[in-house]
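Please read the structure below before turning to the comments.
Because only heavy atoms are used, hydrogens play no part in the values below, and waters and symmetry mates are left out as well, while side chains stay in. Below, chain A is the first sequence line, B the second, and so on; all start at residue 1.
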Amino acid sequence: MELQRSSIDFEREGIAVFGISYDSVATLAAFAGKYGITYPLLSDEGSRVIRELGLLNEHIYEQHAVYGVKPQERHMGTPYPGVFLLDEQGVVTEKRFHQSYRERETGAGLLEDAFGAATTVHGTEVRAASEGVGVRVWLDSDSYRYFQRLYVTVELNVAEGLHVYGSPIPEGFIPLSVGVAPLEGVQAGTASMPPPHPFQVAGMDEHFFVYEGRVLVTLPVTFTKRDAGDLVLPINVRYQACSANDCLMPVSTSFELSVKAEALVPSATPER
Amino acid sequence: MTTTPPPSLPVLDFATIGPAVGTRFPDVVLPDQDGQMVDLHQERAGRRTLIDFYRSADW
């Protein structure tokens, strides 16, 4: 399972990981052995817990129909696919479920976007730098599957004494922005920015919000075209670095992230 | 941040499906891949947690 790839990062961040499915212990044992899964895969054979939690996927046949998969009785009892994030007290802080069982996030993407943690295991990475600001951009996987959701992470390291602007911002100033240029087969969501700090410039009435030090921005992208082949995602990053006294020239950088198309996994074919 | 499902799939409101944000995740005790009973809250031992509900390990 894809989460295993990031297990070292989950461990370092002190995040426990559990999988729950309706598979038997024997099926899970074989699966865990084959793919080297080290976190608990819980067996809810009969789907009692899945039902009690209200997570039984009641639309599996409709979803199958859309994908041209034949209905089979053994497909009943699956949960809506998605993840729950719990805090230290066991309280649900976030749910991430998808309209389609084909759509998945990666472990690295969840770590970066949901837990705000940096990962050591991820896909293609590109770097650039301007005066006082280093930028790293990466994708959480170097390959994608049809309808998979990946995250672009943009990391800025702003030198001490400098800041870049967040929003809201007075007119005439340039806030940090991250976006994906339009590309067929790629649907980009909204960038998730950390909360900026309020900042007052001496001698000016306007209020600013700024980022200093290390800034992590994440942006979800979903691959919506079948057989789109290998892609290059054009990521645009724009910012202006300033000190308390003056500003450097605004910087617009375009990063190109290569991502390979994975063949549809055999388990997604209707024959089995 | 939700993507549009392919045409003709029902659009589900996941905020109302399953345990809600802000509530304690219910107690779950199930066997793991080694056949050992696992009490999820006991096992996570005060750590932040990711629980992944997935389709199946088999298809």
I want to know whether [X] and [Y] have ring centres closer than 6.0 Å.
X: A:Phe97; Y: A:Tyr80; value: no
X: A:Phe10; Y: A:Tyr39; value: no
X: A:Phe18; Y: B:Phe25; value: no

Quick check for you: among [options], which has the greatest number of heavy-atom pairs under 4.5 Å with chain B?
options: A:Val83, A:Ile50, A:Thr27; answer: A:Val83
options: A:Ala32, A:Pro40, A:Ser43, A:Gly54; answer: A:Ser43
options: A:Asp44, A:Leu86, A:Leu56; answer: A:Leu86
options: A:Leu85, A:Leu28, A:Leu55, A:Val49; answer: A:Leu55

Portion of B:Val21 that has a non-hydrogen atom of chain A nearer than 4.5 angstrom: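 Both parts, heavy atoms under 4.5 Å.
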
Would you mind telling me which of [options] has the largest number of heavy-atom pairs within less than 4.5 Å of chain A?
options: B:Gly22, B:Pro26, B:Ala45, B:Gly35; result: B:Gly22
options: B:Ile51, B:Asp32, B:Ile17; result: B:Ile51
options: B:Val38, B:Asp34, B:Leu40, B:Val29; result: B:Leu40

Side-chain donor-acceptor pair present, [X], [Y], cut-off under 3.5 Å:
X: A:Tyr151; Y: A:Thr218; result: no
X: A:Gln148; Y: A:Thr222; result: no
X: A:Glu262; Y: A:Ser143; result: yes

Which region of [X], side chain (C-beta onward) or backbone (N, CA, C, O), has a non-hydrogen atom less than 4.5 Å from a non-hydrogen atom of chain B, or is it both or neither?
X: A:Glu88; answer: both
X: A:Glu45; answer: neither
X: A:Leu110; answer: side chain
X: A:Asp87; answer: backbone

B:Arg55 backbone acceptor or donor facing A:Thr78 side chain under 3.5 Å: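 It does not hold such a pair.
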
pair A:Val259-A:Leu150: side-chain heavy atoms closer than 4.5 Å: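 Yes. Closest side-chain heavy atoms under 4.5 Å.
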
